[in-house]
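This structure is a prediction, so every number in the text was calculated from the model and none was measured.
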Amino acid sequence: MLEYIQKLLLIKPSSLGDIVHSLAFVNTLKENFPSIKIHWIVSNGFEDILTKHPLIDRVIVINKDKWKSFKNLDFTIKEFSTLKKQLKKESYDIAVDLQGLLRSGIITWLSKAPIRVGFKEARELSHIFYNKKVSVSIDKHAVLRYLEVARFLGCRVNSVKFPLPHVKIPEWLEEFENFVVIIPSARWQSKNWPVSYFVELIKMLPYNFLIIGTKFDETRASEIEKYSEGKAKSVAGKTSLKDLISLLNKSLFVITPDTGTMHLAVACGKNVVAIFGPTKAERTGPFGNGHLIIQSETSCSPCFKKSCSNLKCMESITPEMVYNKIVNWRRQ
């Protein structure tokens, strides 16, 4: 299908983990069709990971978070109108929606591309905007789902890679050596491992630690730092996405719940210790080999609930359990 295609629009605004996974799709496209131009629509806040990327010819930034509120309706209408004009000028040959939500479906349609591709199982009726639909089980890992779309377009998948832009190491990071990264929390309240558990684990392990995250994570990160007896330092809320890439590149390994930054760590070539409770590692776990995945064995796991009054799935994974698994894993 792509043999005579010159320009492709990729719609994948968020989130961080999904954007990282989509890099495997882009890499496969470029391996098979090196001359194809790829433009990517991304939500503001994530553009750093795509700007000046060697495989991406243009990054179009949208403010999708404002679209969620009815009070921003005027802004949303104006942005859609501006976006429609931008896309019309580009004359795309094909638009591919890897997001699969109503707004991304509408953007696919606004592109006016003669070929509009998306998942048959896409949510919020977004599939009505596609004229080519790919059926892939939602139980497959996200990376494998995206690569099925690449195969549908005529690509041969020779390898799975998540190429990242080249980054410069910030000066403040140069003083840190031989550290393990802690990601203290996830967007879903139900995915969070208790702060006290992180503190206990840090005290048991023979490493120094850097705690990363957004401003959203600052409170939990500061609390972990406070009780870690000097073994952990928080830089949560103080790093850009490109800083995070540098930091992850330099780390020994990463300890994390199910988060988007976990997937960025994998793209940086790091092995991760991933703690799973309400979600399923087969769907959203770290892709590839060499990772330590600890899945809760409680009867209610996985429930896929974003919040829960009873966090027994995460609390059942004790610091002692994680410590013992890490020790055995590091010996291998």
Enquirer: Nearest 0.5 Å, please: how far is OG1 in Thr298 from CD in Gln295?
Expert: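 Answer rounded to 0.5 Å: 8.5 Å.
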Enquirer: Can Arg116 be said to sit on top of Phe129's aromatic six-ring, NZ or CZ under 6.0 Å from centre and within 45° of the ring axis?
Expert: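 The answer is no; the distance or angle limit is not met.
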Enquirer: State, to 0.1 Å, how close Val134 and Glu121 come at their nearest heavy-atom pair, and which atoms those are.
Expert: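 For Val134 versus Glu121, the nearest heavy atoms are O-OE1, 3.6 Å.
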Enquirer: Side-chain contact, heavy-atom cut-off 4.5 Å: Thr261 with Thr256?
Expert: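 No, every pair of side-chain atoms sits at 4.5 Å or beyond.
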Enquirer: Walk me through it: do Phe253 and Tyr207 pass the test ring-ring contact (aromatic ring centres under 6.0 Å, His included)?
Expert: CA-CA 11 Å; Phe253 61 93; Tyr207 306 105; 5.4 Å; yes
Enquirer: Okay, side chain of Asn32, backbone of Gly154: is any donor-acceptor separation there less than 3.5 Å?
Expert: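 Checking the backbone N and O of Gly154 against the side chain of Asn32, no donor-acceptor pair under 3.5 Å is found.
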Enquirer: Which atom pairs, donor and acceptor, lie under 3.5 Å between side-chain atoms of residues 304-315 and protein residues at least two apart or in another chain?
Expert:
unit_1: Asn310; atom_1: OD1; unit_2: Lys312; atom_2: N; d: 3.1

Enquirer: Leu102, Leu87: one ILVMFWY side-chain cluster at the under-4.5 Å cut-off?
Expert: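 As far as the 4.5 Å side-chain criterion goes, Leu87 and Leu102 are connected within one cluster.
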Enquirer: Given side chains that start at C-beta, do those of Leu83 and Ile62 come closer than 4.5 Å, heavy atoms only?
Expert: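 Of all side-chain heavy-atom pairs linking Ile62 with Leu83, at least one is under 4.5 Å.
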Enquirer: For the pair Glu223 and Arg220, find out whether any cationic side-chain nitrogen is under 4.0 Å from an anionic carboxylate oxygen.
Expert: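 Looking at Glu223 and Arg220, the cut-off is not met.
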Enquirer: Ignoring hydrogens and geometry, is there a side-chain-to-backbone donor-acceptor pair from Ser104 to Leu101 under 3.5 Å?
Expert: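 Side chain of Ser104 to backbone of Leu101: a pair is present.
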Enquirer: Specify whether His141 and His263 have parallel, tilted or perpendicular ring planes, treating 30° as the upper limit for parallel and 60° as the lower limit for perpendicular.
Expert: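 Rings of His141 and His263: perpendicular, as their planes differ by over 60°.
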Enquirer: If we ignore hydrogens and angles and just use 3.5 Å, is the side chain of Lys231 paired with the main-chain N or O of Leu205 as donor and acceptor?
Expert: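 Yes, Lys231 side chain to Leu205 backbone: donor-acceptor pair under 3.5 Å.
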Enquirer: Can you check whether Pro319's main-chain N or O pairs, donor with acceptor, with Glu200's side chain at less than 3.5 Å?
Expert: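 Not at all, since once roles are kept as given, no pair shorter than 3.5 Å links the two residues.
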Enquirer: Counting only N and O atoms by type, is there a donor-acceptor contact under 3.5 Å from the side chain of Thr259 to the main-chain atoms of Met262?
Expert: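 Flag set: sc Thr259 to bb Met262 pair under 3.5 Å.
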Enquirer: For Asp93 and Gln6, indicate whether the former's side chain and the latter's backbone hold a donor-acceptor pair under 3.5 Å.
Expert: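 Looks like yes, one N/O pair under 3.5 Å.
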Enquirer: Would you kindly check if the NZ (Lys) or CZ (Arg) of Lys325 is within the cone defined by 45 degrees around the ring axis of Trp329 and under 6.0 Å from the six-membered ring centre?
Expert: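 No, cation not above the ring by the 6.0 Å, 45° rule.
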Enquirer: Does Thr82 reach the main-chain N or O of Lys78 with its side chain, forming a donor-acceptor pair under 3.5 Å?
Expert: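 Indeed, once roles are kept as given, a pair shorter than 3.5 Å links the two residues.
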Enquirer: Using the rule given for side chain to side chain contact (heavy atoms under 4.5 Å, CB included), can you reason through Phe179 versus Val181, listing the C-alpha separation, both sets of side-chain angles and the distance that settles it, and then say yes or no?
Expert: CA-CA 7 Å; Phe179 59 88; Val181 166; 3.9 Å; yes
Enquirer: Would a single hydrophobic cluster contain both Tyr197 and Val195, if residues Ile, Leu, Val, Met, Phe, Trp and Tyr are joined by side-chain heavy-atom contacts under 4.5 Å?
Expert: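 Yes; tracing contacts between hydrophobic side chains, which count when under 4.5 Å, links both residues.
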Enquirer: If hydrophobic clusters are built from ILVMFWY residues whose side chains come within less than 4.5 Å, do Val327 and Ile202 share one?
Expert: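 Same hydrophobic cluster.
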Enquirer: I'd like to know if Tyr146 and Leu55 are part of one continuous hydrophobic network [Ile/Leu/Val/Met/Phe/Trp/Tyr, side-chain heavy atoms within less than 4.5 Å].
Expert: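 Yes.
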Enquirer: Is it the case that one hydrophobic cluster holds both Leu248 and Ile326, taking links as side-chain heavy atoms less than 4.5 Å apart, direct or via other members?
Expert: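 No; tracing contacts between hydrophobic side chains, which count when under 4.5 Å, never links both residues.
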Enquirer: Any side-chain heavy-atom pair from Val272 and Ile255 closer than 4.5 angstrom?
Expert: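 Heavy-atom side-chain distance check fails, nothing below 4.5 Å.
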Enquirer: Would you find a donor on one side and an acceptor on the other, under 3.5 Å apart, between the side chain of Ser240 and the backbone of Asp243?
Expert: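 Yes.
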Enquirer: Find out whether Val117 and Thr108 are in side-chain contact, i.e. whether some heavy atom of one side chain is under 4.5 Å from a heavy atom of the other.
Expert: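 Answer no - side chains too far apart.
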Enquirer: Strictly distance-based, threshold 3.5 Å: is any side-chain N or O of Glu297 a donor or acceptor partner for the main-chain N or O of Ser316?
Expert: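 Looks like no, no N/O pair under 3.5 Å.
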Enquirer: Give the intermediate values and the outcome of ring-ring contact (aromatic ring centres under 6.0 Å, His included) for residues His39 and Tyr92.
Expert: CA-CA 9 Å; His39 293 190; Tyr92 293 107; 5.4 Å; yes
Enquirer: For the side chain of Lys270 and the backbone of Lys250, is there at least one donor-acceptor N/O pair under 3.5 Å apart?
Expert: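 Absent.
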